[in-house]
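Step one of this worksheet: look at the structure below.
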Amino acid sequence: ESPLHDRGLVHQGKVMDFFDKDVMLHFRREEEILFPALAKHLEGKVNPTQLLLREHDDWRQLYRRLKEAFAQLEAKGTENSEALSIEVQELNSRVEQLLREHIKKENESLLPLAQGLLSEAELEEISQKWRSLSA
């Protein structure tokens, strides 16, 4: 135990709080609001939301592993703290990389697709639902 280790745990906790609240809410909003709106326009066509949904699932699975490893690391008296620290760092990197790649796909593909397919009225309705849906 050291002050640096303790600060690392606090920081990691804040990052995970962001994931639990903001990222999970963002995924939920996409899955419940945006993706169904796009699906109406993409029936019988290639639907990129299926790939994004798989990425949501992959990210959640990886994040669950991170949470488990972090919970073990937080537990006092853990004899494998160095190995767990390394595992948490590696899982953090993978979670971050997957999230960055996912955001890039949203920005480069999903958002332009939505703007091209959805009417102004649909976009406004999505925007209102998006704001009203909270954790």
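Since we're looking at a predicted model, the values are computed, not measured.
Using a 4.5 Å heavy-atom threshold, the side chains of Leu52 and His102 count as touching. Between Thr49 and Leu113, every side-chain heavy-atom pair lies at or beyond the 4.5 Å cut-off.
Residues passing the salt bridge (Lys or Arg N to Asp or Glu O under 4.0 Å) test with Glu32, sequence neighbours excluded: Arg28. For the salt bridge (Lys or Arg N to Asp or Glu O under 4.0 Å) test, residues two or more places apart in sequence or in another chain that qualify with Arg60 are Glu31, Asp57. The side-chain contact (heavy atoms from CB on, under 4.5 Å) test applied to Glu124 returns Gln128, Arg131, not counting sequence neighbours. Residues satisfying the side-chain contact (heavy atoms from CB on, under 4.5 Å) criterion with Gln12, sequence neighbours excluded, are Met16, Leu66, Phe70, Val88, Asn92. Scanning for side-chain contact (heavy atoms from CB on, under 4.5 Å) contacts around Asp22 gives Phe18, with sequence neighbours left out. Considering only residues two or more places apart in sequence or on other chains, His26 meets the ring pair (Phe, Tyr, Trp, His ring centres under 6.0 Å) condition with Trp130. Listed by chain and residue number, Lys67 satisfy the salt bridge (Lys or Arg N to Asp or Glu O under 4.0 Å) test with Asp20 (two or more places apart in sequence, or in another chain). In this structure, the side-chain contact (heavy atoms from CB on, under 4.5 Å) partners of Leu51, at least two apart in sequence or on a different chain, are Arg54, Glu55, Lys105. Taking Phe35 as the reference, His56 meet the ring pair (Phe, Tyr, Trp, His ring centres under 6.0 Å) condition, with sequence neighbours excluded. In this structure, Glu101 has no salt bridge (Lys or Arg N to Asp or Glu O under 4.0 Å) partners at least two apart in sequence or on a different chain. Legend: residues meeting side-chain hydrogen bond (donor to acceptor under 3.5 Å, both in side chains) with Asp17, ordered by chain and number and at least two apart, are Lys21. The side-chain hydrogen bond (donor to acceptor under 3.5 Å, both in side chains) search around Glu125 returns Lys129, not counting sequence neighbours.
The heavy-atom pair separating Ala114 from Leu38 by the smallest distance is CA-CD2, 3.7 Å. The nearest pair of heavy atoms linking Leu42 to Pro48 is CD1-CD, 4.0 Å. For Ala69 against Leu91, the heavy-atom pair with the smallest separation is CB-CD1, 4.1 Å.
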Stepwise side chain to side chain contact (heavy atoms under 4.5 Å, CB included) check, Leu99 with Leu62: CA-CA 11 Å; Leu99 192 57; Leu62 191 59; over 6 Å; no
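Other residues, nucleotides and ligands place no more than 12 heavy atoms under 6.0 Å from the CZ atom of Arg94.
Both Leu117 and Leu53 belong to a common hydrophobic cluster when Ile, Leu, Val, Met, Phe, Trp and Tyr are linked at side-chain heavy-atom distances under 4.5 angstrom. When the side chains of ILVMFWY residues are joined at heavy-atom separations under 4.5 Å, either directly or via intervening members, Ile33 and Leu111 end up in two distinct hydrophobic clusters. Leu73 and Ile86 are assigned to two separate hydrophobic clusters, defined by single-linkage of ILVMFWY side chains at heavy-atom distances under 4.5 Å.
A distance of 9.0 Å separates CD in Gln115 from CD in Glu120, rounded to the nearest 0.5 Å. Taking CG of Leu118 as the reference point, atom CD1 of Ile126 lies at 4.5 Å (rounded to 0.5 Å). In this structure, CD in Glu30 is found 10.5 Å from CG in Leu25, a value given to the nearest 0.5 Å.
At least one donor-acceptor pair closer than 3.5 Å links the side chain of Ser85 to the backbone N or O of Ser81. The backbone N or O of Ser119 lies less than 3.5 Å from a partner atom in the side chain of Glu122, making a donor-acceptor pair.
The residues Glu96 and Arg100 are annotated as salt-bridged, a charged nitrogen and a carboxylate oxygen being separated by less than 4.0 angstrom.
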